[in-house]
Amino acid sequence: MQEKQSHISNETWEKLLVQLGYVQANSPYYQRLFKEVGFDTHQANAFTFLNLPLTHKKNLATSNDDFIAVESQDIIEYVTTSGTLGNPVTFALNESDLQRLAINEEQSFNLVGVGKKDVVQITTTLDKRFIAGLAYFLGLRKIGAGIIRVGAGSPALQWDSIQRFQPTYLVVVPSFLIQLAKYAEAKEIDIYKSSIKGAICIGEALRDENNQFNTLGKKIKSLWDLELFSTYASTEMCTAFTECEKHKGLHVPEDLIFTEILNEDGEEVKAGEVGELVVTTLGVETMPLVRYATGDLVKKMETRCDCEGGSALISSVLGRKQQLIKYKGTSIYPQQIVQLMMELPEIEEYQIQVTSNELDTDKLTIVIPKEASESLQHKLKEILKANLRVTPVLELLPLAEIKASIFPEGSRKPVRFLDLRKA
C-alpha cells in the first residue's frame, strides 16, 4: 500500500491539500463523503487521500446539485456532458473556472505552436451546451490569435472560410477531415495550396497505445498529409490533455489536474501499462471533483516528454471501461470495431449495438445499410473475424433508419455505439 503514496511529490501534495481544503469547506457532496469515511484535510496525508472512495458519473447524475460549491448567483455558464455513457449531466462554471479554462486551452495551443500571428478555424459547435467550443474560443482569445467560428458540418462553408480567411490551423473532429478532403477533391480544390498547416483534433483517438497512428489517423494522412495533434478532454475535468510538436503522447497539465491510472484492484499501474484514468481537478471552484473515475482507459507512458515543458504523458483513450463487451469469450471495445470499419469506406453509415441475450450474456450486432452487397458483407465479416477472433451479427436496415439512430435529435455527436444491455 505504501506505493500509493510514493508517486505524489511534495509540491503536488501541497496543491492537492489546497484543493481538498476548498472542497471540504464548500462542496456538500464531499462534505458528506469525507464525514462518512472520516477524512479531514487538516490531518490528511497522501496515503489517506489515495484511499478515498472514487467518484463516478452515477454520483454526478444522482447528486448533481450537491457537487456545486458556489452560490448560484456566481454561476456564469451552464453546460452538459455529451451523454456518451448515459444521460447528459449538468456542469456549471463561475468566472474563476472560465479563466482557468482559458489558461488550460492557452497552454494547449502553445504546445501545438499556435501563436498570436495564427488564425484558427473552429469547426466544432459553440452552442448546444457544449463546453469544448467555448474552451477553444477562450484559449484563442487569451493568446490573441485570429478566430473563425464556422461551427460543425458544411464542408462547403468550411472551404469557403479557408479560402476567404486563410487560417493556419483547424480545430476539428478528425473524421470530419476525411469529408473535407473528399469535398476538396470533388471540387478540384488543391488542399496542399491551402493555408492549413495543422489540425487540433477533438473527440476521436488518432493513435494507438504505442503512439502510432491508428486506422483513422492513417486514413486521414493518406488523404491529407497535414500535421495532426491529438487532444483528450471532458466536461467534468474542465481540462485538456494535448500533444506537442514532438508527438510523444498527451501532455498532462499537472498544474491544473492530478491524475492516477488505476488497475482493476485500484492500484496505480506501472509505466507502460493500461488502466482507468482517475482525476482530481485543481483550481476548479464551482464543481470540483476528487478522485473522479473517468471510465477512460489510457496507457501510462514510460517517460516524460523531452520537449521544453517536460510533462508527464498519457496515451490517447484506448477504450471506455463501461463499454467493454464480452462476446463469445472475447473482450472487445467498440473503438476497436470503429477502427476496423474505417477499412470499408463503402459502408456509409453503421452502428454498433450490444444487448443481453436470454442467458444474460452480451450479444454484439453491427447494423449496416441493407444496400450493402453480399460481397461487401462477406469482406466485413472477414475483417472482423481476422482482427477480433469472433464475428458479430450483421443486421441490415434502411440507411435512413440507421442515420436516425446515429443522429438522434439533440445529440451533439454521432451515436456509433448503442448499449442496450440490462442494467
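Please read these numbers as outputs of a predicted model, since none were measured by experiment.
Side-chain N or O atoms of Asp265 include none that pairs as donor or acceptor with a backbone N or O of Glu267 at under 3.5 Å. Looking only at distances, no side-chain donor or acceptor of Lys321 sits under 3.5 Å from a matching main-chain atom of Leu297. A donor-acceptor contact shorter than 3.5 Å is absent between the side chain of Glu382 and the backbone of Gln377. Looking only at distances, no side-chain donor or acceptor of Asn59 sits under 3.5 Å from a matching main-chain atom of Thr55. Looking at Asn94, its side chain never comes within 3.5 Å of a backbone N or O of Ile75 through a donor-acceptor pair. A donor-acceptor pair under 3.5 Å is absent between the side-chain atoms of Arg149 and the main chain of Thr124, judged by distance alone. Gln351 places a side-chain N or O within donor-acceptor distance of the main-chain N or O of Val415, the cut-off being under 3.5 Å. In terms of modelled atom types and a separation under 3.5 Å, the side chain of Glu276 and the main chain of Gly295 share a donor-acceptor contact. Of the possible polar contacts, one joining the Gln339 side chain to the Thr215 backbone as a donor-acceptor pair under 3.5 Å is found. Between the Asn64 side chain and the Ala61 main chain, no donor and acceptor come within less than 3.5 Å of each other.
We find that Lys15 and Glu254 are not joined by a salt bridge, their nearest charged nitrogen and carboxylate oxygen being 4.0 Å or further apart. Taking the charged nitrogens against the carboxylate oxygens, Arg291 and Glu260 do have a contact shorter than 4.0 Å, which makes a salt bridge. A salt bridge links Arg207 with Glu243; the closest basic N to acidic carboxylate O contact falls under 4.0 Å. Of the charged side-chain nitrogens involved, at least one lies within less than 4.0 Å of a carboxylate oxygen, so that Asp296 and Arg320 count as a salt-bridged pair.
Proximity of Ile220 to Phe213: side-chain heavy atoms (C-beta onward) are nowhere separated by under 4.5 Å. Looking at heavy atoms from C-beta onward, Lys300 lies out of side-chain contact with Ser315 at the 4.5 angstrom threshold. In this structure, the side chains of Ser316 and Val298 stay at 4.5 Å or more apart for every pair of heavy atoms. Here the side chains of Asp362 and Thr355 are not in contact, with every heavy-atom distance at 4.5 Å or above. Using a 4.5 Å heavy-atom threshold, the side chains of Leu289 and Leu60 count as touching. Side-chain atoms of Glu204 and Val173, non-hydrogen and from C-beta on, do get closer than 4.5 Å to each other. Two residues are said to be in side-chain contact when any heavy atoms from C-beta on lie closer than 4.5 Å; Ile337 and Leu364 meet this criterion. Put simply, the side chain of Leu344 reaches to within 4.5 Å of the side chain of Ile347, judged on heavy atoms.
Pro155 and Gln179 get closest at one heavy-atom pair: CG-OE1, 4.4 Å. Between Ala205 and Val317, the closest heavy-atom pair is CB-O, 3.7 Å. Among all heavy-atom pairs drawn from Val150 and Ser161, the shortest one is CG2-OG, 3.5 Å. Closest approach of Ala199 and Val172 over heavy atoms only: CB-CG1, 3.9 Å. The two residues Cys201 and Leu177 make their nearest non-hydrogen contact at SG-CD1, 4.2 Å. Contact between Val278 and Ala293 at its shortest, heavy atoms only, is CG2-CA, 4.1 Å.
Between Ile352 atom CD1 and Ile406 atom CD1 the span is 9.5 Å, to the nearest 0.5 Å. To the nearest 0.5 Å, atoms CG (Leu256) and CD1 (Ile103) are separated by 7.5 Å. Put simply, NE2 on His251 and CE on Met301 are 10.5 Å apart, with the number rounded to the nearest 0.5 Å. Taking CD from Glu77 and CG from Leu98, the interatomic distance works out to 6.0 Å, rounded to the nearest 0.5 Å. Between the CD1 atom in Ile143 and the CD atom in Glu105 there is a gap of 9.0 Å [rounded to 0.5 Å]. Taking CD1 from Ile189 and OG from Ser194, the interatomic distance works out to 9.5 Å, rounded to the nearest 0.5 Å.
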Please step through side chain to side chain contact (heavy atoms under 4.5 Å, CB included) for the pair Thr259 and Leu277, ending with a clear verdict.
CA-CA 7 Å; Thr259 60; Leu277 182 67; 3.9 Å; yes
As a quick check of understanding, evaluate side chain to side chain contact (heavy atoms under 4.5 Å, CB included) for Glu273 and Asn263, giving each step before the final call.
CA-CA 9 Å; Glu273 293 182 345; Asn263 62 22; 5.9 Å; no
Please report the C-alpha distance between Thr361 and Lys326 in whole Å, then the side-chain angles of each, then the deciding distance to 0.1 Å, and finally whether the side-chain hydrogen bond (donor to acceptor under 3.5 Å, both in side chains) criterion is met.
CA-CA 8 Å; Thr361 58; Lys326 295 279 192 178; over 6 Å; no
Take Glu227 and Lys221 through the salt bridge (charged side-chain N to carboxylate O under 4.0 Å, His left out) test and state the conclusion after the steps.
CA-CA 9 Å; Glu227 191 167 12; Lys221 293 288 282 185; over 6 Å; no
Decide side-chain hydrogen bond (donor to acceptor under 3.5 Å, both in side chains) for Gln353 and Thr365; before the verdict, give the C-alpha distance in whole Å, the side-chain angles of both, and the deciding distance to 0.1 Å.
CA-CA 5 Å; Gln353 298 181 358; Thr365 302; 5.8 Å; no
Would Lys182 and Trp224 count as a side chain to side chain contact (heavy atoms under 4.5 Å, CB included) if you check the C-alpha gap in whole Å, the side-chain angles of each, and the deciding distance to 0.1 Å?
CA-CA 9 Å; Lys182 289 183 175 180; Trp224 192 354; over 6 Å; no
Run Tyr22 and Glu285 through side-chain hydrogen bond (donor to acceptor under 3.5 Å, both in side chains) and show every step you take.
CA-CA 8 Å; Tyr22 175 84; Glu285 292 186 359; 4.6 Å; no
Worked verdict on Asp255 versus Gln107 for side-chain hydrogen bond (donor to acceptor under 3.5 Å, both in side chains):
CA-CA 11 Å; Asp255 56 331; Gln107 292 175 358; 3.1 Å; yes
Please lay out, stage by stage, how Ser311 and Val252 fare under the test side chain to side chain contact (heavy atoms under 4.5 Å, CB included).
CA-CA 6 Å; Ser311 298; Val252 179; 5.6 Å; no
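Aromatic ring centres of Phe229 and His247 lie closer together than 6.0 Å. Two rings, from Tyr30 and Phe67, have their centers less than 6.0 Å apart.
Within the cation-pi definition used here (under 6.0 Å to the ring centroid, within 45° of the axis), Arg129 does not qualify as a partner of Tyr78.
The side-chain contact (heavy atoms from CB on, under 4.5 Å) with Leu388 is formed by just one residue from the set Thr330, Ile383, Leu340; it is Leu340. Among the candidates Ile200, Val171, Val112, Leu111, the single residue satisfying the side-chain contact (heavy atoms from CB on, under 4.5 Å) test with Thr231 is Ile200.
In Asn10, the CG atom is not crowded: 12 or fewer heavy atoms of neighbouring residues, nucleotides or ligands sit closer than 6.0 Å. Enclosure of atom CD in Glu185 is not indicated, since only 12 or fewer non-hydrogen atoms of other residues, nucleotides or ligands lie within 6.0 angstrom.
Partners of Lys248 by salt bridge (charged side-chain N to carboxylate O under 4.0 Å, His left out), not counting sequence neighbours, listed by chain and number: Asp306.
Side-chain atoms of Asn104 and Thr239 include no donor-acceptor pair closer than 3.5 Å.
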